[in-house]
Amino acid sequence: MEFKDVVKNRYSCKKYSERKVDRARLNEILEAGRLASTAKNLQEHHIYVVESEENLAKIDKATPCRYGAPTVLVVAFDKNNVFTYPGGKRDSGIEDASIVATHLMLAAANEGVDSCWLNFFDPDALASDLHLPENEEILMILDLGYAAEGAGPLDNHYSRKEQPETVSYI
Ligand SMILES: Cc1cc2nc3c(=O)[nH]c(=O)nc-3n(C[C@H](O)[C@H](O)[C@H](O)COP(=O)(O)O)c2cc1C
């Protein structure tokens, strides 16, 4: 798909059918995550593919926002392997994991797979429930699947500020 179309077609899907995401498509999505740029090329992200009933139930316990997605990616990062920016206020962990997550989300759209980015959950509680290593923090969850019949973008998907409201040439 043309990049412009990928960006235009993507929307947050909030109702999935039971159709599974096949391995080849999932692998393309994960590969796009692997190729993401990270600060100092640290690649501190870790992506967990959740498809088992047991772990999907843990996702459902953490958030009401799985919406029936048959595959869920949990994007985490290694807190002990981040780059601290000059000034010492911020580091690369959340930023790098966000870049990876964005690659995953757009690659999903390119594969015709619907998705939704989730942050409505307690990341520490979920990390503990999934038995993630102590050094890893969860950034986000990405629902993956195919929209249920009749499901589509919410109205707010079409509401975007005009460029002059968010862009200044200085
Ligand atoms: C950082 C981020 C966090 C989000 N968290 C959730 C969430 O927890 N649950 C949910 O249903 N949607 C979540 N969304 C989806 C937004 O509600 C949705 O993207 C927004 O309404 C714009 O719609 P669109 O993505 O279809 O354009 C999140 C999106 C982003 C970018």
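Just so you know, ligand 1 is whichever comes first in the structure, and atom 1 is the first atom listed for that ligand. Here the structure is a predicted model, which means the values were calculated and not measured.
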Top protein contact for atom 9 (N) of ligand 1, by heavy-atom distance: Cys65 SG, 3.4 Å
Do Lys14 and Tyr67 form a cation-pi contact, if we require the NZ or CZ to be under 6.0 Å from the six-membered ring centre and within 45 degrees of the ring's axis? no
Which of the listed options, Tyr158, Trp117, Tyr11, holds the heavy atom that is closest to atom 29 (C) of ligand 1? Trp117
Rounded to the nearest 0.5 Å, what separates atom CG in Asp143 from atom SG in Cys65? 7.5 Å
Tell me, which protein residue and heavy-atom name are nearest atom 12 (N) of ligand 1, and how many Å apart are they? Lys14 NZ, 3.0 Å
To the nearest 0.1 Å, how far is atom 11 (O) of ligand 1 from its closest protein heavy atom, and which atom is that? Tyr67 OH, 2.4 Å
Test the Arg19-Tyr146 pair against the cation-pi criterion, namely NZ or CZ under 6.0 angstrom from the six-membered ring centroid and within 45° of the ring axis. yes
Under 4.0 Å from ligand 1, counting heavy atoms only, is it the side chain of Arg66, its backbone, both or neither? neither
Is there a polar contact, in the sense of an N or O pair closer than 3.5 Å, between Phe120 and ligand 1? yes
What is the closest protein heavy atom to atom 23 (O) of ligand 1, and at what distance does it sit? Asn156 OD1, 3.6 Å
Can you see whether Asn80 engages Asn135 through a side-chain donor-acceptor pair at a distance of less than 3.5 angstrom? no
What protein heavy atom sits nearest atom 19 (O) of ligand 1, and how far off is it? Ser12 OG, 2.8 Å
